[in-house]
Visitor: 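Quick one: this structure, given as structure tokens, is what I'll be asking you about.
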There are 2 protein chains.
Amino acid sequence: MSRESKTDLPLDRIVLGDCIESMRALPDKSVDLVFADPPYNLMLDKGTRAGQLRRPDQSVVDGVDDEWDRFGNGTSIAESYAEYDRFTREWLFEARRILKDTGALWVIGSYHNIFRVGTAVQDLGFWMLNDVIWRKANPMPNFRGRRFTNAHETLIWAARNEAQKTYTFNYDALKTMNDDLQMRSDWLLPICGGNERLKGDDGAKAHPTQKPEALLYRIIVGCSHPGDVILDPFFGTGTTGAVAKRLGRHFIGLERDPAYAAVASQRIAAVESGDMAPLSVTKSKREEPRIPFGQVVERGLIQPGTKLFDQRRRWVARVRADGSLVVNDATGSIHRVGAHVQGAPACNGWTFWHFEHQGNLVPIDFYRSRLRAELGASH
Amino acid sequence: MSRESKTDLPLDRIVLGDCIESMRALPDKSVDLVFADPPYNLMLDKGTRAGQLRRPDQSVVDGVDDEWDRFGNGTSIAESYAEYDRFTREWLFEARRILKDTGALWVIGSYHNIFRVGTAVQDLGFWMLNDVIWRKANPMPNFRGRRFTNAHETLIWAARNEAQKTYTFNYDALKTMNDDLQMRSDWLLPICGGNERLKGDDGAKAHPTQKPEALLYRIIVGCSHPGDVILDPFFGTGTTGAVAKRLGRHFIGLERDPAYAAVASQRIAAVESGDMAPLSVTKSKREEPRIPFGQVVERGLIQPGTKLFDQRRRWVARVRADGSLVVNDATGSIHRVGAHVQGAPACNGWTFWHFEHQGNLVPIDFYRSRLRAELGASH
DNA sequence: TGAAGGTGTGAATCAGAGC
DNA sequence: GGCTCTGATTCACACCTTC
């Protein structure tokens, strides 16, 4: 890539319009990194079916129901998948064409779309290097109690093809960022909120799916060099552009909604270029892992049916398969049942309950320490 | 599922042979849970792992020195993917046919195969409920420093189809297991090692990808009931069977390698089947007997004419003899009137309305629990 | 000023039985 | 299958109000 052709690129600009058409106008092998946050095709059908999701307090969840996230015109599920696949393959094909040999692709998604995206990535000849999990520190809970808290999103990192071994990867920079430990494939970061979250004049969020800058920071530091060109085909409110500018990289943003583009433009203008000050949130604090008692049972350290005692053997409880205790009529967590038998408002079940070992009583906290030691390595 | 047909199933046995053929011999809608840890090396090590390869007619390629083990034999990456997809869709199709309506599928994989598996899951009509991340506490580092530590694997949890809302999910049991916090989609567990790791006479590990029992424990406690039938089409060394037995569930294990089956068989024989009582698990309120509010009045726990308040005493309602409430002009059930006064679309009257006791407000749910305890004691 | 408590909200495929 | 009715259900954080 010569210096001349680089200046032909719409560097540090937002190109309005359909992203696939805009990509077709870009030359082969001209960008160093592609970061894409495509629509997830959530298929919520708010208007037609059960209606809006409400929290237990009856407040309405302001979910994604924008037109840009809908594929297949409300026809069948299979057609929606098919149309999403066509769209995905088109933009990924162009992204791969535009990437330099040393470049790489990052895509983010959730279980609604990421499997389809990943299949397309492989089918188009990209070579997967890792999948990376963004663990959300503060996810939205599942209000109906019918599923697990959807507490993560998945990112795919892929090189242009299998033979390409020279993709950019600043291994040591990431290791340093991670307290001199090799960076793992699971990243703990808070969702975007507070001052970082862009809001309109009415106080409503400017974009429903704004990504945290810390996420882009890690990707851009790890997978590009200063002066590189980063393409984001679904620019939205421009998180990629803001972080790229701050880290001294060029960006090209493609966005079809002029309102989003305007917000992004203003946001990026306010960023000081080359301000390399690290984000305060980038380093996740090393906290002692929380160990629920259920994990002690799950791991087989205490079997369901085992009897637990308080220190003076006034009460006996039996452990159930889910880590709950039973004493006479009462059932609940180690803390609840401990509080209940004592008639106390609260109780630390870890120190209150004991198991019997060779005639002696040992607090169940013994096992928590053991699990902490095992799990602690991964903080 | 009648008792007769259930005993027709090869319960608590390992069926040797090709898993797709073995599945074809099982009746429709006969198992409660499928857990699958499918191979993915067939799309990577083509030629060297010929034992797991299949011809286009799905017969197994047996010979190690087969025609596959050559250069330029049309074994492109794309063909390898296509063949893996065919294999995946075949076993998933059978798994879905065999599953009961209330059943669910769990599959585990890594970035090499999970995206293809996930796409197939969706295309076959399964409805994805969550993807779950197994975060490994002690993963193998990336020795060459060219990637992130591959510190997780991905699991997919899916119901039989979109309309199927009655899949088994012991939400409250999992919440209890997690110290009364809703279980998240990221699970931190150590990899299988120590005494749990099965080894041959030579000290070498018996199976390259033995899964930890804790992982299966959580899935089986969360997504099945005691006495249920769990199918594992890639049984390996039988982790699914061992945990199923320990938790009082039946298993059906399919395995093509007699050596693995032998190890699994021996392992499971050594597991002590649990005493059923501790295997019961925290119940959802949905499953508890329904108590109409009228019964609380009928039983004299609350007198007609009693005043009920919301928590902040914004509204006052009077109880009538039939268990309906009156607030000004409105009359109806505890739920209807609660919704009405708030202008909300719905309301759980049991937790919304409170009676006064020594100056304090107590939710009327207090009396429901009491009646439930009475009723529960009678059977 | 600070502590304590209340409120708002985030990519969400979020109910089930009975008639 | 559609309709009606009952009734189950939330975690971490930011921000604001009150004392």
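It should be emphasised that the depicted structure is a prediction, and the values quoted were computed from it without experimental measurement. Proteins get letters first, then strands, A, B, ... in listed order; numbering begins at 1 in each. Atoms considered below: every heavy atom in the structure, side chains included; atoms not considered: hydrogens, waters and symmetry mates.
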Visitor: Please tell me if B:Y167 has a side-chain N or O lying less than 4.0 Å from either OP1 or OP2 of C:dG16.
Guide: no
Visitor: Suppose we define a pair by two distances each less than 3.5 Å, Watson-Crick or G-U wobble; what does D:dG7 pair with here?
Guide: none
Visitor: Assess the residue pair B:Y367 and B:F293 against the criterion (ring pair (Phe, Tyr, Trp, His ring centres under 6.0 Å)); give the C-alpha distance rounded to whole Å, side-chain angles, the decisive distance to 0.1 Å, and a yes or no.
Guide: CA-CA 9 Å; B:Y367 286 124; B:F293 180 64; 8.9 Å; no
Visitor: Flag as yes if A:Y40 stacks onto the base of C:dA11 (centroids under 5.5 Å, planes under 30°), otherwise no.
Guide: yes
Visitor: If you look at every strand shown and take non-hydrogen atoms under 4.0 Å, does B:E287 touch a base, only sugar-phosphate, or nothing?
Guide: nothing
Visitor: Below 30° counts as parallel, above 60° as perpendicular, anything between as tilted: where do the rings of A:F115 and B:F115 land?
Guide: tilted
Visitor: For the pair A:Y260 and A:H207, name the ring-plane relationship: parallel under 30°, tilted 30 to 60°, perpendicular over 60°.
Guide: tilted
Visitor: Does A:S110 reach a base, just sugar-phosphate, or nothing at all? Heavy atoms under 4.0 Å.
Guide: nothing
Visitor: Classify the side chain of B:K165 and the base of C:dA17 as holding, or not holding, a donor-acceptor pair under 3.5 Å.
Guide: no
Visitor: Please work out whether the ring planes of B:W157 and B:F169 are parallel, tilted or perpendicular, with thresholds of 30° and 60°.
Guide: tilted
Visitor: Check whether any side-chain nitrogen or oxygen of B:R312 sits under 4.0 Å from OP1 or OP2 of C:dT7, and answer yes or no.
Guide: yes
Visitor: Would you classify A:D69 as touching base, sugar-phosphate or nothing, given that sugar-phosphate means primed atoms plus P, OP1 and OP2, and contacts are heavy atoms under 4.0 Å?
Guide: base
Visitor: Is the shortest side-chain N/O distance from A:N150 to OP1 or OP2 of C:dC14 below 4.0 Å?
Guide: no
Visitor: May I ask you to verify if any side-chain N or O of B:K175 is less than 4.0 angstrom from the OP1 or OP2 atom of D:dT10?
Guide: yes
Visitor: Any side-chain N or O of A:R197 under 4.0 Å from OP1/OP2 of C:dA11?
Guide: yes
Visitor: Taking only the C1' atom of each, what is the distance from C:dT1 to D:dT18 in whole angstrom?
Guide: 13 Å
Visitor: Find the partner of C:dT1: check Watson-Crick (N1-N3 plus N6-O4 or O6-N4) and G-U wobble (N1-O2, O6-N3) distances, both under 3.5 Å, and reply none if neither fits.
Guide: none
Visitor: Using a heavy-atom cut-off of 4.0 Å across all strands, would you classify A:A137 as base, sugar-phosphate, or nothing?
Guide: sugar-phosphate
Visitor: OP1 or OP2 of D:dC11 less than 4.0 angstrom from a side-chain nitrogen or oxygen of B:R184, does that happen here?
Guide: no
Visitor: Rounding to an integer number of angstrom, what distance separates C:dA11 and D:dA8 when you compare their C1' atoms?
Guide: 24 Å
Visitor: With a 3.5 angstrom cut-off on both distances, give the Watson-Crick or G-U wobble partner of C:dC14, or none if there isn't one.
Guide: none
Visitor: Does A:R54 put a side-chain nitrogen or oxygen below 4.0 Å from OP1 or OP2 of C:dT9?
Guide: no
Visitor: When only distance counts, do a donor and an acceptor, one from the side chain of A:D37 and one from the base of C:dA11, lie under 3.5 Å apart?
Guide: yes
Visitor: Quick one: the side chain of A:R144 and the base of D:dG7, do they pair up donor-acceptor inside 3.5 Å?
Guide: no
Visitor: Output the rounded distance in Å from NE2 (A:H152) to P (D:dA12).
Guide: 18 Å
Visitor: Respond yes when some side-chain nitrogen or oxygen of B:H335 is under 4.0 Å from OP1 or OP2 of D:dG7, and no when none is.
Guide: yes
Visitor: Can you check whether B:R290 has a side-chain N or O nearer than 4.0 Å to OP1 or OP2 of D:dG7?
Guide: yes
Visitor: Expressed as a whole number of Å, how far does the C1' atom of C:dG16 sit from that of D:dG1?
Guide: 15 Å
Visitor: Closer than 4.0 Å, any side-chain N/O of A:K205 to the OP1 or OP2 of C:dG10?
Guide: yes
